[in-house]
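Everything on this sheet refers to the single structure shown next.
Numbers here simply count residues along the sequence, with the first being 1. One-based numbering, in listed order, for ligands and for the atoms of each.
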Amino acid sequence: MKKLVSEQIVDYLERRGVEHVFGLTGHTVIGMLVALGKSKKIKYISVRHEQIAAFAADGYARVTKKAGVVITHLGPGITNATTGVANAAFDSIPMVVISGDVPSYYYGRHPHQEVNMHCDGSQYDIYKPFVKRAWRLDDPEALPSILDKAFRLAESGRPGPVLIDIPMDMFSREIDTELFERTYQDSHVTVRPALDPDTAKTIAKKLIDANQPVIHAGGGVLLAEASEELAALAEFLDIPVSRTLMGHGCISDTHPLMLGQTGFWGFELTHKMTANADVILALGTRFAEADSSSWYPGVTFDASKTKFLQIDIDPTEIGRNYPVEIGAVADIKRALKQILAEAKVILPNGKQNPAVRKDIADSKAKFKADNKAICDDSRFPMTPQRILRDVKAILPEDGIITTDVGWNKNGMAQQYEITVPGSIHHSSGLATMGFGAGSLLGVKLAAPGRKVITLVGDGGFGTNPSVIATAVEQNIAVVWVVMNNSAFGTIAGLMNAAFGTKFSTVFTTPDTKPYTPDWAAIARGYGIKAVTIKSADEFAPAFKAALDSEEPYLIDVPMENIAVPTPGCWNINDIYNPSELVSEGKLVKKENGRYVLPEHGKSHKV
Ligand SMILES: Cc1ncc(C[n+]2csc(CCOP(=O)(O)OP(=O)(O)O)c2C)c(N)n1
Ligand SMILES: [Mg+2]
C-alpha cells in the first residue's frame, strides 16, 4: 500500500514511543505538520523561536533518556535551532532533528531561503561540526533505514543529536508502506559494552592497592544511570568521589564520600584530594577545562602524582587531557558492577577510611558555617546565597532544576546540594545563555508529576522570554526564578577585575541609570502569574505560592552581583592580566632579563 512520506514518518515516531515533538513552522514543513497534527499519540509543541524547540527537546531527552525530536523549517529555522542542537551535542544529549529543505527539483536556483553558497541545497552541512551524522533525503525510499539509523545513532554509544534534512517535496511523495517493514523488526535497544573481565579485575586491584584513590565522576555516570553502582563501589572501598559540573547529583551531595565539584568553581578539600591522589578512576568525563582548572598541574589534578584509569563510552575522550594507565570503553553502570564484584573477591570485607570521611564532613561543615551569614542575610537586593537557601528549603527533593549561565549555574553547582540523581540539569559543554528557560518546558513535559523550576539570570532569561507563550499555550506549569542583577553579572565581574570597567556588561539607560525590563509585567503580558520581589523575606512565600499554583509562574528577584568563590583557576590570562605578556596561552614574566613561566596555578587565581 502506498502512503505519504509525512504520514509514514508520524507512524514511525508513534511506533517508537515518541510523545512530544518540538518545532516552529514554515512552508517547508507544513506538509509534515498536517500529518503530525492528526496523530492521537504525539503532541506537537509549537514554540516562538527554534532555539527554544531545541532546548526544550534537550530538556525532554535529559529526563526521558530518549532522543528529543525537533522539526524545523529551512534556512533561518535551522540556523535558529543551531545553538540548541549544538548545546545538546556538547552535553551528550540524544536528539533527532528533522528539517524541511528546498524542493529537490530546485536545488541551486535559489528557491526561497535556500542555503547554497558552497553546494546546492546544503543547509545540512551547517550542522556537520556537531551532529553525529547529517543526512539529506534524496531518495524517499531510503527514509525507513535512515530513521532507524538516526534514532540508533542518537541514543547509542555517547548520545548526541543527528539531523535528517528533508526537501519539502519528499514529504508529499508516496512510498510503499512495506518499505517500513524493516523498521518493525529492528530492536530499538543497543546493548552497551561491559568491561572485559581482566580489565575489571585490574582496575579493582589498583583501587584496592592505592593509598589515596579518588573516583572522579562526570556526566557519563548520570547518562548511564549508574548512581547506585557508583555509591556501592565507593562505599565498599571507602573511596572519596569528586564530580564535574555535569556529574552534579551523580550521588547525593550529602553523601559522606562526596567531595563536591572540582575546578574553577570547586572546593579546596576536593582539590587537596584530587591533586594528591595516587590513583583516579575517571568515569564518563573528558576532564573539561572548567572542571580541571585549565589543567594547571597541582591545582585540581596532577599527572605527575596520579595514575589515571579512565572509563568512557566514547573512545575519543580517553586520554584526551591526561595520560591513562588504563583506558577502557564501557558502559559505566556495567563497568562499576564488574569492578565491585572483582573487589569483593579480592578483599571480601572492603576497606574503611574513617579519616577521609571525617575530613569531608569537617570541610563541608566549615564551608557551610563560613557561608551561613550570607545565606541568612536579609539585605536587599538579595544575596544569591539567600535565594538558594530559600529554594532549597521549599522545593521538594525530587523537584527538577535547570540552570542557565551565571551565578545560577556556577554558584548552584558549587553550593546547592542535589540529593536525587537527575534532578538538576546544567548546560556545560557550550554553557549557553537561554538553556535554562527553554529546556524547562521539555523537562516538565517529560516529568509532569514533579515540580520543575529554573534559576536563570536576567541576561539569560532576556534572550528568549517567548518561552512563556509556549507554557501558556500548552499549560506547562513551570517556575522561572529570574535572578536579576541588571547585568551580565558574571562577565561584569571578570571585566571589572581585569580592566577596571564594566563596559557593555551592566544594563543602563543612555544616561547610565540602572535598567531592567519589568520581567513580571512582561510575564503577565504573556498571560501568566508573576511577581517582583521587594524584600528578602518576600521571596520564600512567593516561591512557595508559585510552586503550589500548578501554573506557569515567573518570579523576578532583584539580586546583588556577588562573585562565586573560585578555589580553582581558569587560564584566561590575557583577560585577567592584560598588562602582562602572554605566550601561547601561558603567562610569561621577565626576571633577570629572562622570560619565565610563573608558578603553576598561583598566578592565575582570581
Ligand atoms: C549565548 C551566550 N552568549 C554569551 C555568553 C557569555 N556569558 C557567560 S555568563 C554571561 C552573563 C550572563 O548574565 P545573566 O544571565 O544575567 O547571569 P549573571 O551572570 O548576571 O548571574 C555571558 C554573557 C554565553 N555563555 N552564552
Ligand atoms: Mg544578570
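- Checking D165 against S99 by side-chain atom types alone, a donor-acceptor pair falls below 3.5 Å.
- Residue G406 approaches ligand 1 through these ligand atoms, each under 4.0 Å from one of its heavy atoms: 17 (O), 18 (P), 19 (O), 21 (O).
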Residues M258, C250; criterion side-chain contact (heavy atoms from CB on, under 4.5 Å); working and verdict: CA-CA 10 Å; M258 171 46 80; C250 61; 3.9 Å; yes

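- Under the 3.5 Å distance criterion, with hydrogens and angles disregarded, no donor-acceptor pair is assigned to the side chains of T254 and E417.
- For K502, the NZ atom sits in a loose shell: 12 or fewer heavy atoms of surrounding residues, nucleotides or ligands are nearer than 6.0 Å.
- Close approach of ligand 1 to G459 is summarised as follows: ligand atoms under 4.0 Å from at least one heavy atom of the residue are 14 (P), 15 (O), 16 (O).
- The Mg ion (ligand 2) lies at 2.8 Å or more from every N, O or S atom belonging to M483.
- With 2.8 Å as the limit, A487 counts as an N, O or S neighbour of the Mg ion (ligand 2).
- Each of the atoms 14 (P), 15 (O), 16 (O), 17 (O) of ligand 1 lies under 4.0 Å from some heavy atom of G457.
- Heavy atoms of A487 found under 4.0 angstrom from ligand 1 belong exclusively to the backbone.
- Residue contact check: G460 has heavy atoms under 4.0 Å from atoms 14 (P), 15 (O) of ligand 1.
- For ligand 1, the polar-atom distance check against I491 finds no nitrogen or oxygen pair separated by under 3.5 Å.
- Salt bridge annotation for E560-R386: absent, with no cationic side-chain nitrogen under 4.0 angstrom from a carboxylate oxygen.
- Checked options V456, T454, I424; the residue passing with T403 is I424 (criterion: side chain to side chain contact (heavy atoms under 4.5 Å, CB included)).
- Ligand 1 has at least one atom lying under 4.0 Å from a heavy atom of N485.
- Protein heavy atom in closest approach to atom 18 (P) of ligand 1: G489 N, 3.6 Å.
- The name of the N, O or S atom in D458 nearest to the Mg ion (ligand 2) is OD1.
- Within a 6.0 Å radius of NZ in K544, other residues, nucleotides and ligands contribute 12 heavy atoms or fewer.
- Heavy atoms from other residues, nucleotides or ligands lying under 6.0 Å from NZ of K451 number more than 12.
- Surrounding NZ of K128 are more than 12 heavy atoms belonging to other residues, nucleotides or ligands, all under 6.0 Å away.
- Proximity to V405 (heavy-atom distance under 4.0 Å) selects the following atoms of ligand 1: 9 (S), 15 (O), 17 (O), 25 (N).
- At under 3.5 Å, not a single nitrogen or oxygen of D404, backbone or side chain, sits near a nitrogen or oxygen of ligand 1.
- Protein heavy atom in closest approach to atom 19 (O) of ligand 1: T490 OG1, 2.5 Å.
- Summarising the contacts of atom 11 (C) of ligand 1 with F488, F461, W407, the nearest heavy atom is found in F488.
- For atom 25 (N) of ligand 1, the nearest non-hydrogen atom of the protein is A431 O, 2.8 Å.
- Ligand 1 has no nitrogen or oxygen under 3.5 angstrom from a nitrogen or oxygen of N408.
- Between atom 4 (C) of ligand 1 and the options M433, M483, Q51, the minimum heavy-atom separation is to M433.
- Side-chain contact between L388 and C375 is absent, with no heavy atoms from C-beta onward closer than 4.5 Å.
- If you run side chain to side chain contact (heavy atoms under 4.5 Å, CB included) between T72 and each of V97, T82, T79, only V97 comes through.
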